[in-house]
Amino acid sequence: MNIHVDETLGLFHLQSKDSSYLFQIIEGYPAHLYWGAQLNHDASLGHILELRERCSFSPNPIPANRTISLDTLPQEYPQFGTSDFRQPAYQVKLEDGSRITELKYSGYRIVPGKPKLTGLPAVYAETDEEATTLHLYLKDDYSGLKATLLYTVFANHSAIARSTLFEHEGKAALHLEEAMSASVDFSDSEYEALYLSGAWVRERHIQRKELGPGALRLDSRRGSSSHQMNPFLALLRPDATEDLGDVYGFSLVYSGNFVAQAEVEQFGQTRVSIGINPFDFSWQLAPGESFQTPEVVMVYSGQGLGGMSRTYHRLYRTRLCRGNFRDEVRPILINNWEATYFNFDADKIEAIAKEASPLGIELFVLDDGWFGKRDNDDSSLGDWFEDRRKLPGGLADLAKRVNDKGMQFGLWVEPEMISPESELYRKHPDWCLHAEGRRRTEARSQLVLDLSRKEVCDYLFDTLSAVFSSAPITYVKWDMNRNMTEVASASASRERQQETAHRYILGLYDLLERLITSFPHILFESCSGGGGRFDPGMLHYMPQTWTSDDTDAIERLAIQYGTSIVYPVSTMGAHVSNVPNHQVHRTTSLTMRGDVAMSGNFGYELDLTALSAEDKALAARQVAQYKEIRSLVQQGDMHRLLSPFEGRGNTAWMFVNEDQSEAFVAFFRVLAEANGPIRRLKLKGLDPNKKYRLESGTDAAGNETSPFRQAFGGQSFGGDQLMRIGLVISDLQGDFASQTFRLRTVE
């Protein structure tokens, strides 16, 4: 980790673990030179950029030097209107209505460590030795607008964190109409784009396509990062695989409207930019005011997608997530939602808890329906007080009943929403997002509270604090079940209405910061109809997210595999639910469902009182098995072995601990194959010079009495053999079959 500056050449060389990032000041413009595998620092790096004169359709800002055109110069933070016709990184409307500004280099500063971003989530450094940050100053003399480009390099991660701080030092108010977190100009277009798309119950499926002339645009205009597009984009060389080749990742630490785009221009350069979506966005900057963009975490890998993913996993697991639970194993839980929906009382909940305790389950989570008069989803959001019809003794009594069974107690809430049929709405009908005199669009019979307003956030903090203090609550599932419409605020002026969506996110972040600070003993899990807000921004406050409302084992293979492209397994909630599955009506074995869910934060979401004795015995073995391997799964390095998006949909992955002495392997066969070939599964991440003994998980019949049993006759195998020859996996029976193995080194 180092930042080299050659002021004579105007050269900046940023070295993170295993990677280099270079740019150079050319006539006052920061020009991008290189990003990739680490280079030795040398003055000759200042001669990388090759400039040539183009035709008059690529104008020249420096008349005496026709080799310089902003239309072709690779830039660090480009602007529109002064001869660059490509996608700008920012755009400003001045008091006279014009949009012509020109940010040029005015200096730099290097500081140890990583400064916090005011009001925004970000990755962090625990010591100054972990990171170094460059502040690159740009200024427009005409308007007085100043931009500071922030670059943080890491000693232990091949990553660079970038963001931009705007400060207005002029005399007249202006409006930011676009403010990207970062922009990078690649010198060619020989790339493929990889991103994660989907829909509710079909989140984060992998898409990979070749770049060509024109623009690829990924975005959300829904008020959240969304089920449809994740705030992530990667560029890969066409020959890049899971394990080999150059990959460049861009992950935005933000939970609201975003855009990520890759534009291939006329001479084959590729411009990638990512940040807040400029659609319906404007931010007024009065003299003396500032605006901080969200952070983008940029990762380079020369070891393919897997190398990129493991960098994100380690960084996000240890330097994005925070709090008491960051490094702790997560509890195994039972959630009553798919068991009861709204139809429960205290006795029914206690009956499920009574069945859960002997299985070794550690946490009971009471889901929707415990508050107000909520017998369906038509009412009561905002009325955060117990429904004494269902819970005569309130939450405190129910929590005691659960605690008496030897389990912790958790709770579901949906604080960001309000039901028109609620006491809160009758008292404060103006507290929701709305445009005066216009229709208020409902979704799931609910509206969105206006978290851009301080009084709304203060009400939620006070009300939720009272709820969380009313019982020994150790877990909270924080849900958000609709997207934003009529995005306007009754408290905002005309000039600031287009700030509402971003101010909402800032209000949410501030509320979450206050709550996690006040209740550090509570494990918070975020949810938005499942994975509708699975993003790095939320992970800064809540170290895990409900991955998807789709709990079908087969669908979850694609969802969890795609999620792992960026996000560590420690952030994924994964539960065993009933069959036929409530989303796709597929029937899979309890073994298969358990094996899939064990590749995440494990739990159950079904009526345990309805299980057969045989299934209860199997569930107990699954719980015991997960307890033995959960620290490995949640904190080990993940290696993807087979992709559900290729071939017959068969999927495999594995987890390896830091010293490569232990591993856990999971293989999932989707459809049986008639008279098929002998297939072997090649493992990854092991020490080729170590010997490993394999133990298998419970078999399909569930006949074993211990969570793991000796496999392959107790024979041990070399790590080199397991990675280069592999294990035979073609002898499973039937559709929807799975097999898991634990590997441990032997002398």
Side-chain angles (χ1 to χ4, degrees), residues 194 204-206 208 236 240-245 247 301 303-314 553-570 572 574 591-592 594-600 629 632-657 660 662-671 673 676-688 690 692 694-697 711-712 717-732 736-744:
L194 184 142
R204 290 172 304 285
H205 283 208
I206 295 174
R208 183 170 175 170
L236 305 78
T241 65
E242 180 68 22
D243 305 301
L244 298 171
V247 180
S301 167
Q303 289 76 49
L305 276 169
M308 179 201 71
S309 295
R310 284 184 289 279
T311 296
Y312 277 122
H313 293 175
R314 294 168 193 146
I554 303 305
E555 292 295 312
R556 271 299 187 104
L557 294 178
I559 293 169
Q560 291 174 208
Y561 189 101
T563 303
S564 76
I565 291 292
V566 187
Y567 304 102
V569 164
S570 62
M572 299 185 209
T591 295
M592 176 77 165
D595 286 345
V596 174
M598 275 189 263
S599 298
I629 52 94
L632 176 61
V633 169
Q634 294 173 9
Q635 297 165 1
D637 281 341
M638 182 182 187
H639 295 264
R640 295 181 292 263
L641 308 179
L642 294 175
S643 171
F645 300 100
E646 300 174 2
R648 299 173 60 86
N650 295 341
T651 306
W653 46 57
M654 64 183 291
F655 308 91
V656 185
N657 67 352
Q660 300 171 296
E662 188 175 357
F664 179 72
V665 182
F667 168 74
F668 309 96
R669 208 259 306 278
V670 176
L671 296 177
E673 189 174 6
I678 295 175
R679 299 187 185 278
R680 293 180 180 270
L681 181 67
K682 294 181 180 180
L683 307 188
K684 299 176 184 178
L686 303 177
D687 186 333
K690 290 181 178 178
Y692 294 88
L694 277 67
E695 302 166 316
S696 68
F712 298 98
F717 301 86
D720 55 348
Q721 180 180 346
L722 292 169
M723 292 189 290
R724 294 165 190 162
I725 298 175
L727 298 171
V728 174
I729 54 166
S730 53
D731 57 351
L732 294 175
F736 315 139
S738 61
Q739 181 67 69
T740 61
F741 295 98
R742 179 172 63 174
L743 285 68
R744 292 193 285 188

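Worth saying up front: this structure is predicted, and the values here are computed from it rather than measured.
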Looking only at non-hydrogen atoms, find the nearest pair between [X] and [Y] and report the distance.
X: Pro644; Y: Ala558; result: CG-CA, 3.7 Å
X: Arg208; Y: Ala240; result: NH2-O, 3.0 Å
X: Met592; Y: Ala553; result: CG-CB, 4.0 Å

Could you measure the distance from the [atom1] atom of [X] to the [atom2] atom of [Y]? Nearest 0.5 Å is fine.
X: Leu236; Y: Leu305; atom1: CG; atom2: CG; result: 5.0 Å
X: Gln739; Y: Phe668; atom1: CD; atom2: CZ; result: 10.5 Å
X: Thr591; Y: Phe736; atom1: OG1; atom2: CZ; result: 14.5 Å
X: Leu632; Y: Leu743; atom1: CG; atom2: CG; result: 10.0 Å
X: Ile565; Y: Ile206; atom1: CD1; atom2: CD1; result: 4.0 Å
X: Met598; Y: Ser738; atom1: CE; atom2: OG; result: 8.0 Å

Which side-chain N or O atoms in residues 719-727 pair as donor and acceptor under 3.5 Å with protein atoms at least two apart or in another chain?
none

Open item on the list: In terms of relative ring orientation, are His205 and Phe645 parallel, tilted or perpendicular, with 30° and 60° separating the classes?
Closed with: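 Aromatic pair His205/Phe645 classed perpendicular.
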TODO: Just do the side-chain contact (heavy atoms from CB on, under 4.5 Å) check on Arg680 and Ile729 with the steps written out, would you?
DONE: CA-CA 6 Å; Arg680 293 180 180 270; Ile729 54 166; 5.9 Å; no
Task: Non-neighbouring partners of Arg744 that pass salt bridge (charged side-chain N to carboxylate O under 4.0 Å, His left out), sequence neighbours left out - done: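 Salt bridge (charged side-chain N to carboxylate O under 4.0 Å, His left out) check on Arg744 returns Glu695.
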- [ ] Using the test salt bridge (charged side-chain N to carboxylate O under 4.0 Å, His left out), find all partners of Glu242 that sit at least two apart in sequence or belong to another chain.
- [x]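 If we apply the salt bridge (charged side-chain N to carboxylate O under 4.0 Å, His left out) test to Glu242, skipping adjacent residues, the hits are Arg640.
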Open item on the list: Does any part of the side chain of Met572, heavy atoms only, come nearer than 4.5 Å to the side chain of Ile559, both counted from C-beta?
Closed with: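 A side-chain contact is absent here, since even the closest heavy-atom pair is not under 4.5 Å.
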Task: Residue pair Gln635 / Pro568, side-chain heavy-atom distance below 4.5 Å - done: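 A side-chain contact is absent here, since even the closest heavy-atom pair is not under 4.5 Å.
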Open item on the list: Please enumerate all residues that pass ring-ring contact (aromatic ring centres under 6.0 Å, His included) together with His313, with sequence neighbours excluded.
Closed with: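 For His313, no residue satisfies ring-ring contact (aromatic ring centres under 6.0 Å, His included) once neighbours in sequence are set aside.
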Open item on the list: Run the ring-ring contact (aromatic ring centres under 6.0 Å, His included) test against Tyr312 and tell me which residues pass, sequence neighbours left out.
Closed with: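 Tyr316.
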Open item on the list: What verdict does the side-chain contact (heavy atoms from CB on, under 4.5 Å) test give for Phe664 and Phe655, after you've listed the backbone C-alpha separation in whole Å, the side-chain angles of each residue and the deciding distance to 0.1 Å?
Closed with: CA-CA 5 Å; Phe664 179 72; Phe655 308 91; 4.1 Å; yes
Polar side-chain atom of [X] near backbone of [Y] as donor-acceptor pair, under 3.5 Å:
X: Asp637; Y: Val656; answer: no
X: Tyr561; Y: Arg556; answer: no
X: Gln660; Y: Gly685; answer: yes

Contacts of type side-chain hydrogen bond (donor to acceptor under 3.5 Å, both in side chains), residue [X], not counting sequence neighbours:
X: His639; result: Arg310
X: Arg204; result: Thr563
X: Lys684; result: Asp243
X: Glu555; result: none

TODO: Check side chain to side chain contact (heavy atoms under 4.5 Å, CB included) between Ala597 and all other residues, then give those that pass, not counting sequence neighbours.
DONE: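 Side chain to side chain contact (heavy atoms under 4.5 Å, CB included) check on Ala597 returns Ala574, Val576, Phe602.
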Task: All side chain to side chain contact (heavy atoms under 4.5 Å, CB included) counterparts of Ala652, not counting sequence neighbours - done: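 Ala652 satisfies side chain to side chain contact (heavy atoms under 4.5 Å, CB included) with Leu641, Leu642, Phe667, Leu681 once adjacent residues are dropped.
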- [ ] Before giving the answer on side-chain contact (heavy atoms from CB on, under 4.5 Å), spell out for Tyr692 and Phe741 the whole-Å C-alpha distance, their side-chain angles and the decisive distance to 0.1 Å.
- [x] CA-CA 11 Å; Tyr692 294 88; Phe741 295 98; over 6 Å; no
Task: All pairs passing side-chain hydrogen bond (donor to acceptor under 3.5 Å, both in side chains) where residues 643-656 contributes a residue, at least two apart - done: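 Only Ser599-Trp653 qualify under side-chain hydrogen bond (donor to acceptor under 3.5 Å, both in side chains).
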TODO: Start with the C-alpha gap between Val665 and Thr740, add the side-chain angles, then the distance that decides, and say whether side-chain contact (heavy atoms from CB on, under 4.5 Å) holds.
DONE: CA-CA 5 Å; Val665 182; Thr740 61; over 6 Å; no
